[in-house]
Amino acid sequence: MEREYDHKTVEERWMKEWIRGKYWAAPDFPDPAKKRYILTMYPYPSGDMHVGHTEIFAIHDSIARFVRMHGYQVLNPLGFDAFGLPAENAAIKRGSPPKEWTDSNIAIWRSSAERLGCSFDWDRMFATCDPEYYRWNQWFFLRFYERGLAYRKEAGAWWCPKDKTVLANEQVVAGRCERCDSIVVKRYLAQWFFKITDYADRLLDDLVLNTGWSERLKTLQRNWIGRSYGAEIDFSLEGIEEPVTVFTTRPDTLWGATFFVLAPEHPLAERLVSGTNKEAQLREFKQQVETMTEIDRSSTDRPKEGMFLGKYATNPVNGEKIPIWVGDYVLMDYGTGAIMAVPAHDQRDLDFARRYNLPVRVVISPPDHELDAATMKESWPHEGAMTNSGPFDGTPASESIDRVIEWLEAEGMGRRAKTFRLRDWLISRQRYWGTPIPIIHCPRCGEVQVPDDQLPVVLPEVVDFRPTGEASPLATAHEWVEVACPACGGPARRDTDTMDTFVDSSWYFHRFLDPHNDEEPFARARSDAWMPTDQYTGGIEHAVGHLIYARFFQKIMMDMGMVRDPEPYPNMLNHGVVTMGGKKMSKSRGNIVEAGTALDLYGADALRLYMLFFGPPEQPIDWPEEGVTAIGRVTFPWLQRVWRLCEQHQRSPELDSADATAQPSPDGSNQDGADAAILELRRHIHRTIKVVTKDYEQFSFNTAIARLMELVNHAYRYQSEWPGGPVLDELIETLLRLLAPMAPYLTEEQWHRRGHETSIHKESWPDFDPALAAELEVTMVIQVNGKVRDTVPVPPDIAEAEMKQLALTSDKVRPYLDGGEPTKIIVRPPKLISLVV
RNA sequence: GCGAGAGUGGCGGAAUUGGCAGACGCGCCAGCCUUAGGAGCUGGUGUCUUCGGACGUGGGGGUUCGAGUCCCCCCUCUCGCACCA
C-alpha cells in the first residue's frame, strides 16, 4: 500500500501510454449521431504556459473527457497560432529567425499540454506559420478578391508607433494599441480590407442561431456591429452639383436642421473652400484635428471645434439655406461623414450651436413641457409630436418617422436606410512574420493575382525583418519582391504587406478535419462530417475579434459552397480571465504563476482541480498572492485523501460475483445499524452520480468537486465505524469514474490498481439507480406566519392530511397558535406546511 | 451617456418552479495523534443574545403565508461601446 500519491511517477507512466496508444485519435468520418467536436481556441505559443493558460485547458479537457465517457466519438484537436508580433519581436531581440523561437515554443507548449493531461489528437496538429497552412490563407484571399470582398484603398488607418504597423479597428481599445498600450495615430496608407460590412446584416441576424451563446457575448457582438435604422436625405450644397447625402435616425427632426456639418477630412470640405479665402484656414483646422490623438478627439468633455466654410446648403423640405461647417465631432467613417445638425434635439449639435451662436429651432414637442429654443441647454432627443414642421405639424411620435420617410421617398428627397458601426476589416500589416498577400503590382496591368498554381507565396527567409515604420520589411527582400507580372510578363513587384493573424484563425477549425490536404483548404465531405463544432471554449476577449471574423469567413465559405452550416460555433463557453493582484497575468508585469512549477510540486490533477474548484468557469479568477502553494492547501491534500481511501480498500473479491453491488445490504452482517449505514452510503453514492452528472452538463465543475468531496467525507465517516466490504468498492469505483474527466491521472492509476485492464477514460459514465437516488426521507418544515418553528422527518409521499396533523400536534408549534385554529394553511408536500394565524 | 452583468460570512463561492440562506473549500478556534511538522484525524465557526430567541443576502419601499430569488426607486462595482448623427 502506498500512502502517498506520487504524481510524478503516475503522470509519466500514463502520459506516455496515452500518447503511445493514440488514445484520443478521432476518425475522419464519425457516426453522425455520435460525433462531438469539442474545440478550444488554439493558443499563441509565447514563452511557456502560466496557470492562466491552464484554466482553459482544464475546463475544455474535462468537457472532452466527460463527453467521451458517454460513448461519443470526440474530436479534440490542437494547433498553434504561430504568426504574429511576439515571435517577431523576440526574434529581433535574439537575432534569430522567428521560426526558431516559434518552433521551440510550440514544443514547450505541446509538452506542457501533454503533462497537463490534455486529451488532444496530436496527429491533426499544425502551426499557422507552416507554408502548407498559410498557402490557404492566400487562396482564400484570392477567392475573396475575385468576389469583390478583398479590396485595397487609401484610407485613414490606426497606426501603432511602437509596433510600427497598422491595426484593425478591433485591435484598438480606447484609442490605444491593444497589444502594447501605445496611443495610436491615424495614417493615410493604401491598405487591404475584407468587406465584412457586406455581411453585417447576416452577422447580426444569425446570432439567434447561436443558441448556446451567453447573452453577454451576443450583446457584445450586437453592439459592435451596431445597426441603426433611419433615412438618407439628399441636400444640395452651394457650388456642388451632385446631391450630398446625410444619414439620420431621426428624419422627423428634419425641419429643425439649422446647419450642416462635414467631417474635417471630408473631401467636399476642400472643394467648398477651393478658391476662397478660407482655404488656408481649413488646412490649418484639419492639421489641428489630425494631430489630436483619438483619445482627445473622442473625449466628450472637450469643446467641439468647428469652422464655417462660407457656403450654404439647402434643406430639401423647406428650401431653407443653412450654413455649412466642418466639425471635429463628425466622423468621416460613420454614416456618410456629413450630418444635418438639429440642435434642439441632439445634444452634440446643441453644444456646437451654442459655442458658435448658431440658430436653434424646436420641432418636437415633449409631452409634458415646453422647450425654449433661445435658452435651452439640454436638447430633447426623445420622442414627441412634430411641430414647426410644415405639413407634418401635430404628427404623433408613434408614426412620425415612418410617415416622413415615406413622404421623402415619394418626393425623391431621400430613402429608408440603415447604417452600421462595423467597419471593413483592415487586414494589411507592415510586419514580416505573417502570410504574404498574394498580389503582384504591375505598372501596366495594375493589381494582378498570383496564380493558384504558384501558391504558396513563401515568406523569404533572408530579410531584415525589423519594422522600419515606412514600408513593410518584406520590401527589403529585393529578389523576392521583383517578379515578372503573371499577366504581361513585364517587371512587377509583389505586395509587401502580410495579413492580420486573425485571418489564420478564421477558418482553422475546418483544417483540423483535413489537416494534410494539399489540393484545397479542406474537403467539404470531411468538414460536413464534423462541423459545426459542438462545444467551443475560449476567452471572452475574442468576442468582437476572432468570433466575428470566423463567423464572417464561415458565411463566405457557405456562399462559395465549401461548407454546409451558417454558423461555426453554436455553443460557446467563455471562461473568465485569470488575474493576480487584479491584473491580468503577464510576464512583463511579473505577476505570473508558472504552470511548470505547479505541475512539478503538485501535479496535473491538483492544478486542474484547483482551477475548476475556484468558481464557475465564466467568472474571472484572481489567483492568491501566495502563488503556487495555494494548490497545496486546497486540492492537493484532497487528492491525497482520495488516494488513501482507494489504497485502504483494494478491490474486494466479492465484486467479481456479478450482482454483488446490486444487493441493498451486501454486508449481511447482524451488527445493529450496519445494514442501515450501508444503505445510507449507497443512497449517497447514487444521489452523487445524479447531481454530479448534471453539474458536468452545466459546466459547474466547482459544485461537482464539492459533491465528490462530500462523498469522500462520507466514506471516511463510514469506514471509521464499519469494516470495508463491497459498498466501499462501489463507492470508490463510482468516485473514480466521476472524477476521471477532471483528474485523469490519479483516477487512471487507481483504476488499474483495482485490477482493471482498460483505461478508465474509455469506461462508460456511471448510471444511477433511480430508486436509490430518490429521497427516502425529506425534512418537512413547519412555518407559522412565515417563520420556521419545527422540522419533522417525513416520507416523500406523505399525504396532506398527515402533514396537517403533524403540524397541528407539534409541541414546538402549539405555543405560536395562541390556542386558536390557524386561519389559513398552505401545504406544499412534502417539504413545507405554512400556518397563518 | 448607452448596453450587459454583478453585489451573499474574514475569503472563494453554494442555494429546481419564491419554500430550513451560507453547501463545499480556504482561513480561524479547540481537541486527538505524533520521530513537535506548513503532515494526518475529529469537532466548532454569519451577527447579537437575557440562551427563550432576535436579526441577517448593497440601501429603501412593495407583492406574498413565505423573497437572496419577483416588482419599483436608489447606491456601488465590473465589462463592453462611446461625439455612431
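Small disclaimer: the values here were computed from a predicted structure and weren't measured. Every chain is numbered from 1 and lettered A, B, ... according to where its sequence line falls, protein lines coming before strand lines. Excluded from the calculations below are hydrogen atoms, water molecules and symmetry mates; all remaining heavy atoms, backbone and side chain alike, are included.
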Undergrad: Regarding A:Asp424 and A:Thr197, do their side chains bring together a donor and an acceptor under 3.5 Å, going by distance alone?
TA: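 Note: A:Asp424 and A:Thr197 side chains meet the donor-acceptor criterion.
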Undergrad: Nearest-Å distance, CD1 (A:Ile401) to C1' (B:A85)?
TA: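 Computing the A:Ile401:CD1 to B:A85:C1' distance gives 13 Å.
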Undergrad: Identify, between A:Gly335 and A:Leu220, the residue whose nearest nucleotide on RNA chain B lies closer to the 5' end.
TA: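 Here A:Leu220 is the residue nearer the 5' end.
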Undergrad: Taking A:Arg683 for the side chain and A:Ala774 for the main chain, is one N or O donor matched with an acceptor at less than 3.5 Å?
TA: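 Yes, A:Arg683 side chain to A:Ala774 backbone: donor-acceptor pair under 3.5 Å.
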Undergrad: Would A:Val363 and A:Met386 count as a side chain to side chain contact (heavy atoms under 4.5 Å, CB included) if you check the C-alpha gap in whole Å, the side-chain angles of each, and the deciding distance to 0.1 Å?
TA: CA-CA 6 Å; A:Val363 293; A:Met386 293 174 69; over 6 Å; no
Undergrad: Please test A:Phe352 against A:Trp325 for ring-ring contact (aromatic ring centres under 6.0 Å, His included), starting from the C-alpha separation and ending with a verdict.
TA: CA-CA 10 Å; A:Phe352 195 78; A:Trp325 287 65; 5.6 Å; yes
Undergrad: From B:G19, B:G38, B:C81, pick the nucleotide closest to the side chain of A:Thr629?
TA: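 Side chain of A:Thr629 sits closest to B:G38.
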Undergrad: Which heavy-atom pair separates A:Met307 from A:Phe285 by the least distance, and what is that distance?
TA: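 Heavy atoms of A:Met307 and A:Phe285 come nearest at SD-CB, 4.2 Å.
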Undergrad: So does A:Arg421 get a side-chain nitrogen or oxygen closer than 4.0 Å to the phosphate oxygens (OP1/OP2) of B:A82?
TA: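 For B:A82, OP1 or OP2 has a side-chain N or O of A:Arg421 closer than 4.0 Å.
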Undergrad: Hey, does A:Lys694 reach any base, or is it just sugar-phosphate, or nothing, if we go heavy atoms under 4.0 Å?
TA: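 Here A:Lys694 touches the bases of the nucleic acid.
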Undergrad: Assign B:G60 to syn or anti; the rule is syn for a glycosidic angle within 90° of 0 and anti otherwise.
TA: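 Chi for B:G60 falls in the anti range.
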Undergrad: Kindly point out which of B:C26, B:C83, B:A85 is positioned nearest to the side chain of A:Val634?
TA: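 Nearest listed nucleotide: B:C26.
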Undergrad: Of all the choices, B:C41, B:C83, B:A85, which nucleotide is nearest to the side chain of A:Lys304 once you look at every atom?
TA: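 Per side-chain heavy atoms of A:Lys304, the pick is B:C83.
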Undergrad: Need to verify one output field. Residue with the more 5' nearest nucleotide on RNA chain B, A:Ser700 or A:Phe247?
TA: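 Nearest-nucleotide comparison on RNA chain B picks A:Ser700.
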Undergrad: B:A54, B:A85, B:C20: which one has an atom nearest the side-chain heavy atoms of A:Arg789?
TA: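 Looking only at side-chain atoms, A:Arg789 lies closest to B:A54.
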Undergrad: Within the 4.0 Å heavy-atom criterion, would you say A:Phe614 contacts the bases, only the backbone, or no part of the nucleic acid?
TA: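 Sugar-phosphate, backbone atoms only, no base.
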Undergrad: Counting Watson-Crick and G-U wobble pairs only, both distances under 3.5 Å, name the nucleotide matched with B:C41, or none.
TA: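 Checking every strand shown, B:C41 finds its partner in B:G31, with both distances under 3.5 Å.
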Undergrad: Touch check for A:Trp638, heavy atoms < 4.0 angstrom, all strands: base, sugar-phosphate only, or nothing?
TA: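 Nothing: the residue A:Trp638, judged by heavy atoms under 4.0 Å, touches no strand.
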Undergrad: Counting only heavy atoms and a strict 4.0 angstrom limit, can you tell me which residues of residues 703-717 of chain A come near RNA chain B?
TA: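 Contacting residues: A:Thr703, A:Ala706, A:Arg707, A:Met709, A:Glu710, A:Asn713.
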Undergrad: OP1, OP2 of B:C84 versus side-chain N and O of A:Arg227: anything below 4.0 Å?
TA: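 No, because none of the side-chain N or O atoms of A:Arg227 sits under 4.0 Å from OP1 or OP2 of B:C84.
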Undergrad: Whole angstrom is fine here: how far is it from CZ in A:Phe636 over to C1' in B:G38?
TA: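 One finds 13 Å between C1' of B:G38 and CZ of A:Phe636, rounded.
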Undergrad: Base, sugar-phosphate alone, or nothing: which one does A:Arg641 contact when heavy atoms must sit under 4.0 Å apart?
TA: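 Counting heavy atoms under 4.0 Å across all strands, the contact made by A:Arg641 is with sugar-phosphate only.
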Undergrad: Side chain of A:Val836 only, heavy atoms from C-beta on: which candidate in B:G40, B:C65, B:C81 is closest?
TA: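 For the A:Val836 side chain, the nearest candidate turns out to be B:C65.
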Undergrad: Under a 3.5 Å limit for both distances, which nucleotide forms a Watson-Crick or G-U wobble pair with B:C84, could you say?
TA: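 The answer is none; no pair meets the criterion.
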Undergrad: Categorize A:Arg216 for me: base, sugar-phosphate, or nothing, with a 4.0 angstrom heavy-atom threshold over every strand shown.
TA: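 Since only primed, P, OP1 and OP2 atoms lie under 4.0 Å of A:Arg216, the category is sugar-phosphate.
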Undergrad: Look through every strand shown and name the nucleotide pairing with B:A67 as Watson-Crick or G-U wobble, where both distances are under 3.5 Å.
TA: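 B:A67 is paired with nothing.
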Undergrad: Should the side chain of A:Arg423 and the base of B:C84 be counted as holding a donor-acceptor pair, with the cut-off at 3.5 Å?
TA: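 Answer yes: a donor N or O sits under 3.5 Å from an acceptor.
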Undergrad: Measure up the A:Phe614 and A:Tyr610 rings against each other and bin them: parallel (under 30°), tilted (30 to 60°), perpendicular (over 60°).
TA: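 The arrangement is perpendicular - the two ring planes meet at more than 60°.
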Undergrad: In whole Å, measure the gap between the P atoms of B:U69 and B:G60 for me.
TA: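 Between the two P atoms, the distance is 13 Å.
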Undergrad: Mind checking if A:Lys824 touches a base, just sugar-phosphate, or nothing, with heavy atoms under 4.0 Å?
TA: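 Sugar-phosphate contact only - A:Lys824 comes under 4.0 Å of backbone atoms but never of a base.
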Undergrad: Between B:U64 and B:U78, how many Å separate the two P atoms, rounded to a whole number?
TA: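 About 38 Å, rounded to a whole number of Å.
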Undergrad: With a non-hydrogen cut-off below 4.0 angstrom, is A:Val261 in contact with a base, only sugar-phosphate, or nothing?
TA: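 The residue A:Val261 makes no contact with any strand.
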Undergrad: Under 4.0 Å between any heavy atoms, over every strand shown, what does A:Pro624 touch: base, sugar-phosphate, or nothing? Just pick one.
TA: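 Counting heavy atoms under 4.0 Å across all strands, no contact is made by A:Pro624.
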Undergrad: Just how far, in rounded Å, is C1' of B:G80 from CD of A:Glu215?
TA: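 That distance rounds to 14 Å.
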Undergrad: Using 30° and 60° as the class boundaries, would you call the ring planes of A:His7 and A:Phe636 parallel, tilted or perpendicular?
TA: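 Perpendicular.
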Undergrad: In Å and rounded to the nearest 0.5 Å, what is the CG to CZ distance from A:Asn574 to A:Arg216?
TA: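 Here the rounded value is 7.5 Å.
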Undergrad: Under the 3.5 angstrom rule, does the side chain of A:His575 hit a backbone N or O of A:Glu618 as a donor-acceptor pair?
TA: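 A pair under 3.5 Å: no.
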Undergrad: How is A:Gln619 classified with respect to the nucleic acid when contacts are heavy atoms under 4.0 Å: base, sugar-phosphate, or nothing?
TA: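 Here A:Gln619 touches the backbone only, sparing every base.
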Undergrad: Need the pair for B:A6. Rule: Watson-Crick or G-U wobble, both distances under 3.5 Å, any strand; none if unpaired.
TA: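 Paired with B:A6, as far as the under-3.5 Å criterion goes, is B:U76.
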Undergrad: What is the separation between atom CD on A:Glu4 and atom C1' on B:G37, rounded to the nearest whole Å?
TA: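 Atom-to-atom, A:Glu4 to B:G37, this comes out as 13 Å.
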Undergrad: For B:G25, does either OP1 or OP2 sit under 4.0 Å from a side-chain N or O belonging to A:Asn702?
TA: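 No, because none of the side-chain N or O atoms of A:Asn702 sits under 4.0 Å from OP1 or OP2 of B:G25.
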Undergrad: Give a yes or no on whether a donor-acceptor pair under 3.5 Å exists between the nucleobase atoms of B:G19, that is its base, and the side chain of A:Gln783.
TA: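 Such a pair exists between side chain and base.
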Undergrad: OP1, OP2 of B:G38 versus side-chain N and O of A:Arg633: anything below 4.0 Å?
TA: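 No.
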Undergrad: Is B:U16 paired to anything, Watson-Crick or G-U wobble with both distances less than 3.5 Å, and if yes, which nucleotide?
TA: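 Here B:U16 is not engaged in any pair, so there is no nucleotide opposite it.
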Undergrad: Answer yes or no: does a side-chain N or O of A:Ser834 lie under 4.0 Å from OP1 or OP2 of B:G19?
TA: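 So the side chain of A:Ser834 is outside the cut-off, no N or O lying under 4.0 Å from OP1 or OP2 of B:G19.
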Undergrad: Side chains of A:Asn713 and A:Arg641: is there a donor and an acceptor less than 3.5 Å apart?
TA: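 Yes, A:Arg641 and A:Asn713 have a side-chain donor paired with an acceptor closer than 3.5 Å.
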Undergrad: Could you tell me which nucleotide pairs with B:A21 by Watson-Crick or G-U wobble geometry, both distances under 3.5 Å, or answer none if nothing does?
TA: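 The base-pairing partner of B:A21, which may sit in any strand shown, does not exist here.
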Undergrad: Distance between the P atoms of B:G5 and B:G56, in whole angstroms?
TA: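 Per the computed distance, 29 Å lies between those P atoms.
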Undergrad: Which nucleotide in the list B:C20, B:G40, B:G12 gets nearest to the side chain of A:Phe613?
TA: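 So the nucleotide nearest the side chain must be B:G12.
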